[in-house]
Amino acid sequence: MRYDLVIFDNDGVLVDSEPVANTILAAYLTELGHPTSYEDSLRDYMGAAVHRVHDLVKERTGQRLPEDFDATLHARTFAAFERELVAVEGVAAVLEKLVADGVPYCLASSGSHERIRVGHRKTGLDRYFPENVVFSAQDVGRGKPAPDLFLYAAERMGAAPERCAVVEDSVLGVRAAVAAGMDVYGFTAMTPAEKLGGTQGYFDSMARLPALLA
């Protein structure tokens with residue numbers, strides 16, 4: 001493999017959480033008086049840290065979300081994960097191949113460490129991701145589309161940015177990877193390829209990813 005490190009996004013790439021999480025988020029924002037459809041939520045927040053929700057609502061309405069917004073959103077989302085969440089089809093086989101080939105990999109997610117762990121325990125992916133290869137926007141302050149999280153992950157893993165491949169499925173995540181100077185491969189299960197500009201390649205099935213990275 002021509003890369004020293006493969007960096008996976010989590011939501012939508014490892015765990016099939018975007019439909020669940022964005023349904024919850026859209027409903028909660030609407031409940032609070034900020035009408036938001038599922039499609040609106042995907043467009044505005046997919047791939048972003050929760051601070052983006054606060055920022056956009058304040059920018060658009062001049063209003064602040066309740067102080068307990070994050071806690072309530074997380075509680076509702078985690079409860080839904082426990083009921084519904086599954087791993088992305090085929091991703092376990094990709095991880096098994098990386099392990100067999102001795103290729104280092106890690107995770108860099110806009111989600112909190114707690115959100116990542118809840119999802120991984122439910123889907124069984126926790127066996128592939130010990131704590132030392134899991135990085136969250138919580139660790140750096142600025143989430144995607146800023147490059148900080150990807151650069152932090154590469155530094156902690158001992159890899160140069162130009163030797164890293166990022167696997168992403170969101171517009172914000174691709175922008176962050178490009179800004180970090182990394183190659184990025186776009187998973188088009190939920191986002192059309194034409195919206196993921198700047199990638200080295202696209203794939204609609206995890207079975208195709210190993211060949212792109214080779």
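A donor-acceptor distance shorter than 3.5 angstrom exists from the side chain of Thr191 to the backbone of Asp169, with no hydrogens or angles considered. Judged by distance alone, with hydrogens and angles left aside, the side-chain atoms of Thr30 form a donor-acceptor pair with the main-chain N or O of Thr36 at under 3.5 Å.
Looking at heavy atoms from C-beta onward, Asp183 lies in side-chain contact with Tyr3 at the 4.5 angstrom threshold. Residues Phe129 and Leu14 have side chains in contact (heavy-atom distance under 4.5 Å, counting atoms from C-beta outward). Looking at heavy atoms from C-beta onward, Leu125 lies in side-chain contact with Leu95 at the 4.5 angstrom threshold. Put simply, the side chain of Val57 does not reach to within 4.5 Å of the side chain of Arg64, judged on heavy atoms. By the 4.5 Å heavy-atom criterion applied to side chains, Asp40 and Tyr45 are not counted as neighbours. A 4.5 Å side-chain heavy-atom check between Val167 and Leu209 finds at least one atom pair inside the cut-off. With a 4.5 Å cut-off on side-chain heavy atoms, His54 and Asp70 count as touching. Val6 places none of its side-chain heavy atoms less than 4.5 Å from the side chain of Pro104.
Within the model, atoms CE of Met206 and CD of Glu89 stand 10.5 Å from one another, a figure rounded to the nearest 0.5 Å. The CG atom of Leu56 sits 10.5 Å away from atom NE2 of His51, with the distance rounded to the nearest 0.5 Å. Here NE2 of His120 is found 4.0 Å from CG of Asn10. Values are rounded to the nearest 0.5 Å. From Asp4, atom CG reaches atom SG of Cys164 across 7.5 Å, with rounding to the nearest 0.5 Å. Within the model, atoms OG of Ser110 and CG of Leu149 stand 6.5 Å from one another, a figure rounded to the nearest 0.5 Å.
Between Asp11 and Ser17, the side chains place a donor N or O and an acceptor N or O closer than 3.5 Å (distance only, hydrogens not considered). Side chain to side chain, Tyr152 and Asp139 fail the donor-acceptor criterion of an N or O pair below 3.5 Å.
Nearest heavy-atom pair across Gly198 and Val184 is O-CG1, 3.7 Å. The heavy-atom pair separating Pro19 from Tyr38 by the smallest distance is CA-OH, 3.4 Å. The two atoms that bring Leu5 and Ala154 nearest to each other are CD2-CA, 4.1 Å, heavy atoms only. A pairwise comparison of heavy atoms in Met190 and Leu42 identifies CE-CD2, 3.8 Å as the closest pair. Across Ala108 and Ile7, no two heavy atoms sit closer than the pair CB-CG2, 3.6 Å. Annotation for Ser41 and Ala26: closest pair CB-CB, 4.1 Å, computed over non-hydrogen atoms.
By the criterion of side-chain heavy atoms lying less than 4.5 angstrom apart, applied directly or through intervening Ile, Leu, Val, Met, Phe, Trp or Tyr residues, Met182 is grouped together with Leu213 in one hydrophobic cluster. Residues Phe187 and Leu85 fall within the same hydrophobic cluster, defined by Ile, Leu, Val, Met, Phe, Trp and Tyr side chains chained together at heavy-atom separations under 4.5 Å. Following chains of ILVMFWY side-chain contacts shorter than 4.5 Å, one cannot reach Val13 starting from Leu172, and the two form parts of different hydrophobic clusters. Met46 and Leu73 fall into different hydrophobic clusters, where Ile, Leu, Val, Met, Phe, Trp and Tyr are joined by side-chain heavy atoms under 4.5 Å apart, directly or via other members. Connection of Val103 to Val99 is established within a shared hydrophobic cluster, with ILVMFWY side chains joined at heavy-atom distances below 4.5 Å, either directly or through further cluster members.
In this structure, Phe78 and Phe81 have tilted ring planes: the angle between them lies in the 30° to 60° band.
Sparse packing is recorded around CD of Glu67, with 12 or fewer heavy atoms of other residues, nucleotides or ligands lying under 6.0 Å away. Summarising the local packing, CD of Glu84 is surrounded by more than 12 heavy atoms from other residues, nucleotides or ligands at distances under 6.0 Å. Within a 6.0 Å sphere centred on CZ of Arg163, other residues, nucleotides and ligands contribute more than 12 heavy atoms.
Aromatic pair Tyr185/Tyr202: ring centres not closer than 6.0 Å. No close placement of the Tyr128 and Tyr105 rings is indicated, their centers lying 6.0 Å or farther apart.
Legend: residues meeting side chain to side chain donor-acceptor pair (under 3.5 Å) with Arg208, ordered by chain and number and at least two apart, are absent.
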Steps toward side chain to side chain contact (heavy atoms under 4.5 Å, CB included) verdict (Glu168, Thr199) = CA-CA 9 Å; Glu168 265 288 355; Thr199 67; over 6 Å; no

message = As a quick check of understanding, evaluate side chain to side chain contact (heavy atoms under 4.5 Å, CB included) for Val166 and Asp9, giving each step before the final call.
response = CA-CA 8 Å; Val166 174; Asp9 176 41; 6.0 Å; no

task = Take Tyr28 and Phe69 through the test ring-ring contact (aromatic ring centres under 6.0 Å, His included) and record every step on the way to the result.
result = CA-CA 9 Å; Tyr28 187 26; Phe69 177 84; 4.9 Å; yes

request  = List the steps and the verdict of side chain to side chain contact (heavy atoms under 4.5 Å, CB included) for Arg175 and Lys144.
outcome  = CA-CA 8 Å; Arg175 284 170 54 192; Lys144 306 167 189 178; over 6 Å; no

task = Before giving the answer on side chain to side chain contact (heavy atoms under 4.5 Å, CB included), spell out for Val134 and Arg117 the whole-Å C-alpha distance, their side-chain angles and the decisive distance to 0.1 Å.
result = CA-CA 9 Å; Val134 174; Arg117 284 296 164 216; 3.2 Å; yes

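Remark: Asp55 does not engage Arg60 in a salt bridge, criterion side-chain N to carboxylate O under 4.0 Å. Under a 4.0 Å N-O distance rule, the pair Arg76/Glu31 qualifies as a salt bridge. The residues Asp148 and Arg142 are annotated as salt-bridged, a charged nitrogen and a carboxylate oxygen being separated by less than 4.0 angstrom.
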